[in-house]
Amino acid sequence: MALLNNIGALTHALDKEMERDKSVVVYGEDVGHEGGVFRATVGLQQKYGKDRCFDTPLSEAAIVGSAIGMAINGLKPVVEIQFSGFVLPAVNQILAHAARMRNRSRGKYNLPMVIRMPYGGGIRALEHHSESLEAIFSHIPGLKVVIPSTPYDTKGLLLSAIRDPDPVIFMEPKRIYRAFKQEVPEEDYTVPIGKAKIVKSGKDITVVTWGALVREAQKAIEEVEKEGINVELIDLRTISPIDKETIIESVKKTGRFLVVHEAVKSFGAGAELISIVNEGAFLYLEAPPTRLTGFDITVPLPKGEHHFIIEPKKIAYKIREVVKF
Amino acid sequence: MALLNNIGALTHALDKEMERDKSVVVYGEDVGHEGGVFRATVGLQQKYGKDRCFDTPLSEAAIVGSAIGMAINGLKPVVEIQFSGFVLPAVNQILAHAARMRNRSRGKYNLPMVIRMPYGGGIRALEHHSESLEAIFSHIPGLKVVIPSTPYDTKGLLLSAIRDPDPVIFMEPKRIYRAFKQEVPEEDYTVPIGKAKIVKSGKDITVVTWGALVREAQKAIEEVEKEGINVELIDLRTISPIDKETIIESVKKTGRFLVVHEAVKSFGAGAELISIVNEGAFLYLEAPPTRLTGFDITVPLPKGEHHFIIEPKKIAYKIREVVKF
Amino acid sequence: MLTEKFNPLKEEMLNILDYEGNIVDANLEPFIENDNLLKMYHTMVLAKVADIKALQYQRQGRMLTYAPNRGQEAAQVGSIAAIEKSDWLVPAFRELGAWLYKGVSLEQVYLYWYGNEIGSKFSEDVKMLPVSVPIASQLNHATGIAMASKIKGENDVAIAYVGDGGTSQGEFHEAVNFAAVFHAPVIFLIQNNQWAISVPRSMQTKSKTLAQKAIAYGIPGIQVDGNDVLAMYAATKEAVDRARRGEGPTIIEAVTYRLGPHTTSDDPTIYRDDSEVKEWEKKDPIERFKKYLIDKGLWSEEKDKALYEEYESYVGETFKKVEESGLVSLEDVFKYTYDEMTPNLIEQYEEYKKYLEEEGQ
Amino acid sequence: MLTEKFNPLKEEMLNILDYEGNIVDANLEPFIENDNLLKMYHTMVLAKVADIKALQYQRQGRMLTYAPNRGQEAAQVGSIAAIEKSDWLVPAFRELGAWLYKGVSLEQVYLYWYGNEIGSKFSEDVKMLPVSVPIASQLNHATGIAMASKIKGENDVAIAYVGDGGTSQGEFHEAVNFAAVFHAPVIFLIQNNQWAISVPRSMQTKSKTLAQKAIAYGIPGIQVDGNDVLAMYAATKEAVDRARRGEGPTIIEAVTYRLGPHTTSDDPTIYRDDSEVKEWEKKDPIERFKKYLIDKGLWSEEKDKALYEEYESYVGETFKKVEESGLVSLEDVFKYTYDEMTPNLIEQYEEYKKYLEEEGQ
Amino acid sequence: IIESSDEGKYEEKDIKVKVLATPVARKLAKDLGVDINQVKGTGPAGRVMKEDIQSYNEKNKDIKESNVFIQPVGDT
Ligand SMILES: Cc1ncc(C[n+]2csc(CCOP(=O)(O)OP(=O)(O)O)c2C)c(N)n1
Ligand SMILES: Cc1ncc(C[n+]2csc(CCOP(=O)(O)OP(=O)(O)O)c2C)c(N)n1
Ligand SMILES: [Mg+2]
Ligand SMILES: [Mg+2]
Ligand SMILES: [Mg+2]
């Protein structure tokens with residue numbers, strides 16, 4: 001057991017898996033010598049050599065495209081995109097190839113590869129350093145999209161992702177990279193992809209969220225529980241394939257549903273969740289399934305970002321609204 | 001008035017607008033001399049010269065990126081992406097720049113530009129020639145996403161798009177490029193962006209669709225109306241910004257809702273529509289708002305595509321299901 | 001080294017076999033085993049016959065879109081013959097000759113163009129990727145395959161194909177630059193067939209040759225007569241050897257010509273003169289090679305006639321099988337998106353089956 | 001022509017002013033009006049002072065992320081001084097000197113780094129784009145601006161900046177190739193400052209120079225001592241004139257050095273030796289230029305001291321204003337996404353205002 | 001300006017005035033055999049609440065029970 005923050009859990013998991021499985025290679029911009037701009041890969045080059053952990057040219061399409069080639073040729077690449085806003089030059093590789101190689105080759109070529117990327121706002125950053133693009137990747141068949149919210153899950157989900165025969169988009173809520181620590185077991189364990197986690201059971205309303213907002217929702221829930229509202233909180237963990245069952249079962253129990261995400265509202269993951277709730281628990285609904293999300297704008301620069309960021313207060317406000325409906 | 005198919009209406013609209021407005025330029029791969037692989041730009045180079053209608057290198061990022069520069073420098077570029085599957089290399093330009101230049105420059109730089117692209121399946125084509133990516137563009141603030149379904153609307157919406165100060169993604173359902181003709185007025189007219197069209201009023205169920213599926217839905221409706229089901233059919237026409245009002249008003253009246261689209265189901269535009277219905281007409285709902293969509297797979301090659309394509313029969317089946325609920 | 005002798009900046013093209021099939025410079029003639037020479041020729045003829053017949057089938061409405069490669073047989077077969085079975089082939093979409101030589105069956109190729117994904121599931125020992133439709137994107141896969149080979153300490157190289165049009169794509173640049181930086185054992189084979197659909201080579205780029213783009217990456221590049229199978233072999237072999245020695249990638253520009261339409265949906269008369277086509281027909285790569293083989297005593301007109309006849313019927317039979325193969329099953333449509341079907345897919349699959357049952361289809 | 005004399009393949013770098021500020025070759029000395037020389041020097045000093053102070057503010061927790069440009073002043077000011085007011089500047093993100101010379105106020109620059117979009121709304125007559133964060137993507141905008149200028153029959157050129165790291169991006173390739181094909185009047189100015197965050201120039205590409213990448217596009221390229229403001233001016237002026245004559249784009253590689261960290265979040269000691277920094281400090285572009293101006297009788301140490309003092313307080317006052325500028329209003333956060341707010345945005349705006357009212361914020 | 005609708009104009013009188021209710025309330029009404037259109041809503045904006053349906057059901061229980069042996073005529 002070690003007390004680790006989310007970044008520490010990432011490094012630890014990568015270290016363990018590189019040790020266990022010689023076919024795992026880790027690379028990206030500044031990932032080798034420096035250990036990544038967030039230091040997620042620190043120490044790995046020293047330990048496993050420049051062949052297994054290395055820096056690349058500034059070239060996202062080549063980073064992802066070469067990872068596809070490596071996965072075909074027997075390796076398990078785990079590549080880092082420095083910020084999720086910079087994944088866009090690699091979108092052709094991800095959507096047109098990574099997602100499809102298996103189907104295209106009728107199962108001949110699996111792509112056991114992971115594309116890691118810090119995402120989300122709240123770090124007072126420049127443009128393109130704050131977006132949440134999970135809905136886009138989740139719309140593409142053939143990809144899996146995972147977002148951990150705790151050090152324990154970070155390790156367990158990353159190990160699942162690396163061992164998964166399909167390509168996994170691993171989105172890391174960078175705002176909480178160093179926000180808190182948790183005991184993470186030394187031993188090998190995995191957290192399954194495709195399974196949401198009931199963080200807290202409750203009976204009045206189901207709140208689903210992920211990433212950095214799980215903690216914010218927890219704070220909000222503390223508030224509203226004082227007022228007698230009993231909330232069931234679900235950490236989605238995998239955005240695609242989505243764990244419909246857990247959500248539907250919860251809403252059947254509570255009759256009320258709120259999804260909270262930082263990505264812009266329209267055509268976001270919240271919409272998918274609301275549709276799932278409609279499809280699976282319609283007759284149990286006592287209030288309209290509701291979303292609390294980012295506005296339909298580009299994440300503002302730091303001097304305006306406070307308007308955009310979803311604070312516990314806002315979540316509490318929305319919970320009350322849905323419960324009172 | 002002239003009797004035109006959808007391709008004819010495109011060419012006609014481009015011709016008229018290039019004549020009217022000298023700042024309109026049209027370019028893309030094979031767009032100049034050949035007039036485009038679908039012949040949408042045929043004759044324009046001869047008429048307006050190689051400066052205003054031209055071929056480019058095979059380079060989507062440069063096509064879109066240069067259009068951004070041109071729009072900043074006083075032109076109104078209308079660029080063609082040969083198939084929507086090939087827009088992916090330009091996604092960085094579209095999402096990171098076209099959508100944001102106005103906000104980034106606080107209104108100094110508008111981008112009056114149009115990105116045209118044939119989309120959708122049903123033409124027995126190779127891979128990457130059949131996708132429907134409207135949900136992805138619609139998730140990005142700053143973009144407008146338009147899909148016409150008739151020659152009349154094609155002209156009117158394209159003229160709106162070219163004159164719009166914001167960048168417009170103009171998706172053309174290629175399956176019906178030459179499927180039917182319609183009288184298209186010679187005169188200048190526009191169809192407003194952001195307004196859905198009630199193709200047919202009805203009281204039992206609201207069906208929303210767009211592009212090639214409008215005609216398929218019409219056929220389905222003919223069937224079910226024989227059975228006494230009275231359908232309201234809405235052609236969405238603009239996917240973003242979406243015309244919530246028309247949809248919500250309709251569902252308040254009918255109490256039942258079906259959205260039909262060809263794009264894959266999960267995280268698609270159907271989910272957004274269902275959420276809008278929940279937000280605006282929840283208490284009127286007599287059945288779960290439902291989606292009939294493509295499966296969550298890559299569009300199959302022709303020998304399997306029949307499974308994927310949404311036929312009138314399938315729409316009729318689903319309408320009955322929702323009405324009987 | 002050929003890449004030094006034919007430095008792209010000198011604007012000299014490597015040519016070994018002239019239009020008449022005579023050796024231009026005996027010093028340059030590569031050594032190829034007779035069996036291999038014959039295998040190369042056979043493959044080129046098969047590619048030609050299969051190509052012509054595919055076009056016919058398509059016109060009869062029996063084949064779907066097809067991308068002909070008539071005229072480019074030497075560029076393809078000459079290059080692919082220079083790698084080993086254990087090496088990788090990363091195709092674009094118009095390299096029928098290379099695929100057949102690599103061991104893909106014609107039936108599979110036809111199945112692919114016939115609109116069936118199963119055509120891209122090559123047998124386990126054929127180290128080739130499926131066709132890549134998004135132009136130039138496959139080059140990064142080749143770079144990755146080659147990097148993996150190096151990382152694993154194996155000796156395999158990759159050869160990747162791209163067109164003249166493809167060199168304008170950003171991914172061309174990224175793949176070659178990446179490969180150069182990592183000394184990846186990969187050969188970038190540009191088939192400059194003068195056209196990218198209707199756009200001529202001169203519109204793609206202002207550089208005089210495509211081979212000179214190698215200079216941007218600090219790697220060797222060479223322009224080769226792409227209709228000369230021996231020159232293609234020699235240049236590729238040198239590049240393959242260099243790659244295997246750990247000296248990194250090479251760009252080879254094969255100057256050739258697409259004699260047919262871009263695909264069966266294309267009408268080339270809109271954008272090019274028939275006289276240009278006629279000019280290139282004189283440079284036919286197969287005729288040249290035949291002459292060389294006959295001169296070498298390895299071939300004869302009689303054998304040739306017999307070979308064409310054999311392939312005519314082989315191609316015909318193959319296509320018949322393909323035509324009889326029918327539709328893709330519903331299960332197969334769903335089965336390959338993920339290693340295991342997701343709950344979502346299972347639900348969609350079941351729901352659709354129910355619909356089919358109820359609607360009696 | 002300089003681009004011929006200093007052909008990148010010869011691996012010779014254009015240098016006019018040596019480290020001591022002496023003219024290396026009088027034939028190469030560009031003619032620049034005295035006023036302009038002084039404006040250039042002033043701008044470089046202002047950029048330096050503003051840069052150093054920004055770092056200080058940031059360490060005091062008063063500024064957000066900042067990307068220092070110390071050491072690159074000549075590369076920026078020497079190049080931008082060669083274009084006209086009517087020409088376009090397309091920045092990357094580290095060209096403070098160029099922006100100031102072009103007419104952007106320091107207040108705006110600071111506002112930008114302070115995290116306020118309004119810092120990118122330059123006044124109507126400043127033909128410059130906002131900072132482009134996605135590396136190299138801005139180059140395509142420059143190509144488009146230049147193409148438009150040509151299409152409209154105007155005479156304006158565009159100059160676009162990119163780093164050594166940026167040359168690895170696909171968009172670099174596409175933008176330059178496009179510009180070359182269309183003879184677009186654009187100059188691609190690569191500031192090769194030896195590092196892309198922690199990745200050294202040698203890891204970005206195997207080509208010896210970045211200038212030689214021009215050969216891939218059939219356009220002129222030149223490597224220039226980027227710490228030599230006269231060489232930068234001369235090379236850029238030649239490229240601008242060529243562009244204006246309709247002869248298309250040029251690649252200029254400015255060999256320079258980032259003396260500071262990549263940004264304020266970066267710790268360069270992890271990846272580079274202090275000795276390297278020390279070596280480059282000796283090549284300081286400002287000191288060299290000062291010596292030249294003093295020799296020319298245009299400047300003195302006294303004036304210099306006064307200038308620094310003036311700028312110290314100017315920068316201090318400017319930052320104070322910026323610090324007092326406060327937060328971005330809610331309205332502004334919503335107002336600029338579209339020309340007109342969509343119904344969706346109005347709804348979200350109103351709903352949020354209601355929330356703020358009810359929650360008493 | 002384009003016409004928003006061109007065919008199949010319905011008669012306004014065909015459209016029943018819609019009762020406001022949540023899916024849960026509608027389900028309750030259905031389960032109890034209550035015609036929700038007959039229930040007067042006491043919730044916000046006249047919404048039919050679950051309680052409304054229950055009390056309507058209580059009140060009309062006798063009537064309903066006494067009707068058990070009467071064959072319904074046409075639609076109920
Ligand atoms: C990214 C992308 N853009 C556009 C297309 C459409 N397209 C298919 S082939 C082709 C031309 C390719 O030219 P070239 O690279 O010279 O290869 P050739 O067809 O001559 O073999 C185009 C534009 C595509 N497949 N991918
Ligand atoms: C597409 C993209 N990928 C990654 C980044 C993150 N990033 C910001 S600056 C930088 C290095 C840039 O190096 P260079 O082009 O040499 O410019 P310099 O910082 O040296 O001025 C990186 C990787 C980015 N901004 N955009
Ligand atoms: Mg790209
Ligand atoms: Mg070609
Ligand atoms: Mg740099």
Side-chain angles (χ1 to χ4, degrees), chain B residues 22-23 25 27 49-52 54-75 77 89-90 92-93 95-97 99-113 141-144 164-167 194 240-245 276 279, chain D residues 88 90 116-124 126-127 129-134 136-154 156 158 160 169-171 173-182 184 186 332-333 335-345 347:
Chain B
K22 299 285 167 275
S23 63
V25 292
Y27 63 97
K50 284 191 180 176
D51 261 1
R52 294 189 56 207
F54 53 90
D55 291 317
T56 69
L58 216 171
S59 199
E60 285 81 9
I63 291 171
V64 174
S66 65
I68 293 172
M70 287 191 195
I72 287 172
N73 196 5
L75 296 183
N92 191 35
Q93 285 295 341
L95 273 55
H97 289 302
R100 293 163 164 238
M101 192 57 82
R102 187 172 202 289
N103 183 62
R104 182 183 298 153
S105 69
R106 281 298 188 247
K108 182 172 182 195
Y109 297 120
N110 282 335
L111 296 184
M113 59 187 277
L143 300 177
K144 295 179 176 170
D164 197 291
D166 295 314
S240 175
I242 212 160
D243 182 359
K244 291 187 181 189
E245 206 187 314
I276 286 170
E279 281 157 7
Chain D
W88 289 84
V90 179
N116 192 326
E117 287 84 353
I118 201 72
S120 297
K121 184 180 188 164
F122 313 125
S123 56
E124 210 41 63
V126 175
K127 292 167 82 173
L129 302 200
V131 157
S132 170
V133 175
S137 56
Q138 71 277 8
L139 302 179
N140 274 312
H141 308 159
T143 293
I145 286 175
M147 287 171 75
S149 162
K150 195 161 169 260
I151 290 169
K152 293 190 292 177
E154 291 168 359
D156 309 330
Q169 283 285 2
E171 298 229 17
H173 178 72
E174 295 195 31
V176 181
N177 188 56
F178 228 67
V181 164
F182 294 111
V186 53
D332 277 8
V333 159
K335 211 168 68 178
Y336 295 103
T337 301
Y338 294 96
D339 185 58
E340 275 181 39
M341 262 166 77
T342 59
N344 232 348
L345 281 172
E347 191 184 297

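Reckoned from all heavy atoms, side chains included, excluding hydrogens, waters and symmetry mates. It should be emphasised that the depicted structure is a prediction, and the values quoted were computed from it without experimental measurement. Below, chain A is the first sequence line, B the second, and so on; all start at residue 1.
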Selection from [options] maximising heavy-atom pairs under 4.5 Å formed with chain D:
{"options": "B/Ile63, B/Val64, B/Asp164", "answer": "B/Ile63"}
{"options": "B/Arg102, B/Lys144, B/Met70, B/Arg100", "answer": "B/Arg102"}
{"options": "B/Pro241, B/Ser105, B/Ala67, B/Ala99", "answer": "B/Ser105"}

Note, [X] side chain near [Y] side chain (heavy atom, < 4.5 Å):
{"X": "D/Phe182", "Y": "B/Pro57", "result": "yes"}
{"X": "B/Arg104", "Y": "D/Pro130", "result": "yes"}
{"X": "B/Ser59", "Y": "D/Asn177", "result": "no"}
{"X": "B/Asn92", "Y": "D/Glu171", "result": "yes"}
{"X": "B/Arg106", "Y": "D/Lys335", "result": "no"}

Before you tell me yes or no, could you show the steps for D/Ile151 and B/Val25 under side-chain contact (heavy atoms from CB on, under 4.5 Å), namely the whole-Å CA-CA distance, both residues' side-chain angles and the distance that decides it to 0.1 Å? CA-CA 9 Å; D/Ile151 290 169; B/Val25 292; 4.2 Å; yes

Side chain / backbone / both / neither for [X] at chain B, heavy atoms under 4.5 Å:
{"X": "D/Ser149", "result": "both"}
{"X": "D/Glu124", "result": "both"}
{"X": "D/Val131", "result": "backbone"}

Closer than 3.5 angstrom, by distance alone: can the side chain of B/Gln93 be matched with the main-chain N or O of D/Ser137 as a donor-acceptor pair? yes

Look only at the side chain of D/Tyr338 and the backbone of B/Leu143, and say whether a donor-acceptor pair between them is shorter than 3.5 Å. yes

Give, for atom [atom1] of [X] and atom [atom2] of [Y], the distance between the pair rounded to the nearest 0.5 Å.
{"X": "D/Gln138", "Y": "B/Ile68", "atom1": "CD", "atom2": "CD1", "value": "11.5 Å"}
{"X": "D/Leu129", "Y": "B/Asn73", "atom1": "CG", "atom2": "CG", "value": "9.5 Å"}
{"X": "B/Met101", "Y": "D/Ser132", "atom1": "CE", "atom2": "OG", "value": "7.0 Å"}
{"X": "B/Asp51", "Y": "D/Met147", "atom1": "CG", "atom2": "CE", "value": "9.5 Å"}
{"X": "B/Lys244", "Y": "D/Asn344", "atom1": "NZ", "atom2": "CG", "value": "4.0 Å"}
{"X": "B/Ser66", "Y": "D/Leu139", "atom1": "OG", "atom2": "CG", "value": "12.5 Å"}

Tell me the closest heavy-atom pair linking B/Ala62 and D/Phe178, and the distance in Å. CB-CD1, 3.3 Å

For B/Asp166 and D/Asp339 the tightest heavy-atom approach is OD2-N, 3.0 Å

Please name all residues satisfying ring-ring contact (aromatic ring centres under 6.0 Å, His included) with D/His141, sequence neighbours left out, ordered by chain then number. B/His97

Please determine, among D/Asp156, D/Thr337, D/Thr143, D/Thr342, the option with the most heavy-atom pairs under 4.5 Å with chain B. D/Thr337

Side chain, backbone, both or neither of [X] within contact of chain D (heavy atoms, under 4.5 Å):
{"X": "B/Ser240", "answer": "side chain"}
{"X": "B/Glu60", "answer": "backbone"}
{"X": "B/Leu75", "answer": "side chain"}

If the condition is side chain to side chain donor-acceptor pair (under 3.5 Å), which residues does B/Lys108 pass it with, not counting sequence neighbours? none

Counting only heavy atoms not in B/Glu245, do more than 12 sit closer than 6.0 Å to its CD atom? no

Tell me if the NZ atom of B/Lys22 is crowded by more than 12 foreign heavy atoms within 6.0 Å. yes

